[in-house]
Amino acid sequence: MPGQKIETGHTDIIHDVTMDYYGKRVASASSDGNIKITSVNSQPLATLTGKNGPVWQVTWAHPKFGSLLASCAYDGTVIIWKEGSLNDWSHAHIFNDHKSSVNSIAWAPHELGLCLACGSSDGNISVHTARSDGGWDTTRIDQAHPVGVTSITWAPSMEPGSLIGSGEFDPVQKLASGGNDNTVKIWKFANGAWKMDSVSALKMHSDMVRDVAWAPSLGLPKSTIASGSQDGKVVIWTGEKEGEEWTGKVLNDFKAPVWRVSWSLTGNLLAVASGDNNVTLWKEAVDGEWQQVTTVE
């Protein structure tokens with residue numbers, strides 16, 4: 001499929017682009033301090049302003065919670081935006097929990113409710129969960145990565161090996177985070193607090209981890225996380241059983257910083273955006289080796 005160019009109208013570097021649940025609208029975040037919402041045929045729909053400095057990420061909530069966007073910025077704020085009438089957006093909530101740049105935000109799987117995790121250069125992760133009365137409860141992972149959190153990703157809400165069915169299940173609350181300390185860490189929420197779930201931090205990178213992405217499980221018997229680093233490498237981490245050590249395998253050395261890693265909805269394809277100006281797609285072969293499928297032009 002040929003690439004489609006979308007004109008956003010930003011006047012500075014674009015740091016993040018994300019499509020809504022239905023694939024109709026694109027939200028983009030930029031160093032110009034604005035968030036632009038654009039249709040996929042480049043029609044400008046809305047400009048959300050109110051940030052001092054660059055906006056790093058923007059992400060859509062699941063539509064079961066209404067039309068909501070979250071954004072994070074260099075000024076340390078996290079804003080939840082709510083769409084009232086069509087393309088008319090306003091602040092639903094502003095979080096000022098962090099003392100420096102908030103670099104990464106991620107909505108939890110919708111089974112966990114309306115819940116947003118935020119990672120900051122102050123080393124902390126905050127997790128905000130909406131209450132039925134309109135307020136928010138906040139839990140924290142203090143000094144998750146003391147020299148700065150660069151990225152966060154939620155685990156699927158279903159334990160590995162669980163078969164998808166119509167019965168009740170107890171959703172899992174887990175996060176993975178990457179940091180300036182070159183490590184990936186796994187966290188689990190239990191008994192009202194976040195604790196490190198891996199025996200130790202996952203160490204295979206020699207420079208800062210720029211992005212982490214937890215693969216959809218779809219009932220598979222293992223958990224999989226991809227991490228991309230300034231060192232040019234993507235590592236695929238695999239966890240077989242609860243409480244056991246994770247194992248890592250280098251997918252590829254791109255010889256340039258890896259900016260983003262992103263899984264397909266089925267979890268069998270990994271997209272990698274790297275500093276050589278390429279986006280490549282990778283798939284795991286039957287023998288467990290990873291192979292490049294294509295380069296996205």
Side-chain angles (χ1 to χ4, degrees), residues 56-57 59 72 78 97-109 112 115-129 138-157 159-160 171-217 222-231 233-251 257-263 270:
W56 301 129
Q57 279 191 4
T59 178
C72 64
V78 174
D97 293 61
H98 293 282
K99 302 295 182 280
S100 54
S101 174
V102 178
N103 303 316
S104 184
I105 49 175
W107 291 108
L112 301 178
C115 181
L116 184 74
C118 316
S120 169
S121 290
D122 64 13
N124 302 330
I125 295 171
S126 60
V127 182
H128 308 284
T129 305
T138 300
T139 54
R140 303 173 63 85
I141 307 171
D142 288 324
Q143 296 301 285
H145 298 266
V147 287
V149 182
T150 55
S151 52
I152 46 177
T153 179
W154 287 87
S157 61
E159 282 280 18
V172 178
Q173 292 191 62
K174 282 188 183 180
L175 284 169
S177 60
N180 284 320
D181 57 4
N182 311 347
T183 71
V184 175
K185 294 181 180 179
I186 318 289
W187 310 91
K188 184 175 184 178
F189 188 73
N191 302 318
W194 290 93
K195 298 278 192 252
M196 210 159 132
D197 192 53
S198 48
V199 178
S200 58
L202 310 185
K203 300 176 182 177
M204 277 185 68
H205 291 294
S206 59
D207 207 334
M208 65 182 288
V209 177
R210 285 199 167 271
D211 199 24
V212 286
W214 205 309
S217 65
K222 62 182 181 179
S223 294
T224 305
I225 295 170
S227 60
S229 168
Q230 183 74 17
D231 67 10
K233 295 184 176 70
V234 170
V235 174
I236 305 295
W237 304 93
T238 305
E240 298 290 345
K241 290 181 181 172
E242 185 80 22
E244 286 189 1
E245 279 286 7
W246 289 65
T247 56
K249 174 187 281 189
V250 175
L251 171 93
V258 176
W259 307 120
R260 297 296 287 269
V261 284
S262 178
W263 294 96
L270 180 70

Hey, mind stepping through Lys249 and Val235 against side-chain contact (heavy atoms from CB on, under 4.5 Å) and telling me if it holds?
-> CA-CA 5 Å; Lys249 174 187 281 189; Val235 174; 5.9 Å; no
Stepwise side-chain contact (heavy atoms from CB on, under 4.5 Å) test for His98 and Ser121 | CA-CA 8 Å; His98 293 282; Ser121 290; over 6 Å; no
Run the numbers on Trp214 and Trp187 for ring-ring contact (aromatic ring centres under 6.0 Å, His included), then give the verdict.
-> CA-CA 12 Å; Trp214 205 309; Trp187 310 91; over 10 Å; no
Step-by-step side-chain contact (heavy atoms from CB on, under 4.5 Å) determination, Ser229 to Val258 | CA-CA 5 Å; Ser229 168; Val258 176; 5.9 Å; no
Derivation and outcome, side-chain contact (heavy atoms from CB on, under 4.5 Å), residues His128 and Asp97 | CA-CA 10 Å; His128 308 284; Asp97 293 61; 3.5 Å; yes
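Residues Thr183 and Ala201 come closest through the heavy atom pair CB-CB, 3.9 Å. Residues Ile225 and Ala176 approach most closely at CD1-CB, 3.8 Å, considering heavy atoms. Minimum heavy-atom separation, Val102 to Cys118: CG1-CB, 4.1 Å. Closest approach of Trp259 and Gln230 over heavy atoms only: CZ3-OE1, 4.4 Å. Residues Gly228 and Val234 share a closest heavy-atom pair of CA-CG2, 4.3 Å. The two atoms that bring Ser206 and Asp231 nearest to each other are N-OD2, 2.9 Å, heavy atoms only.
Note that CG of Leu202 and CH2 of Trp237 are 5.0 Å apart. Values are rounded to the nearest 0.5 Å. For the atom pair CG of Leu175 and CG of Asp197, the computed distance is 10.5 Å after rounding to the nearest 0.5 Å. Interatomic distance, OG of Ser177 versus CD1 of Ile125, reported as 4.0 Å (0.5 Å rounding). Going from atom CG of Leu270 over to atom OG1 of Thr224 covers 10.5 Å, rounded to the nearest 0.5 Å. The CZ atom of Arg260 sits 9.0 Å away from the OG atom of Ser151 when rounded to the nearest 0.5 Å. Atoms CD1 and NZ, on Ile141 and Lys185 in that order, are 10.0 Å from each other to the nearest 0.5 Å.
Between the side chain of Ser104 and the backbone N or O of Ile152 there is at least one donor-acceptor pair closer than 3.5 Å. Side chain of Trp263 to main chain of Ala213: a donor-acceptor pair is present (N/O by atom type, distance under 3.5 Å, no hydrogens or angles). Judged by distance alone, the side chain of Glu240 and the main-chain N or O of Trp246 form no donor-acceptor pair under 3.5 Å. With hydrogens and angles disregarded, a donor-acceptor distance shorter than 3.5 Å links the side chain of Gln57 to the backbone of Ile105. A distance-only check finds a donor-acceptor pair linking the side chain of Asp211 to the backbone of Val261 [under 3.5 Å].
Counting only heavy atoms from C-beta outward, the side chains of Asn124 and Gln143 approach each other to under 4.5 Å. In this structure, Ser120 and Lys99 have side chains that are not in contact, with every pair of non-hydrogen atoms separated by 4.5 Å or more.
Exactly one residue among Asp181, Thr150, Asn182 makes a side chain to side chain donor-acceptor pair (under 3.5 Å) with His145. That residue is Asp181.
The aromatic rings of Trp194 and Phe189 lie tilted to each other, with the angle between the two planes from 30° to 60°.
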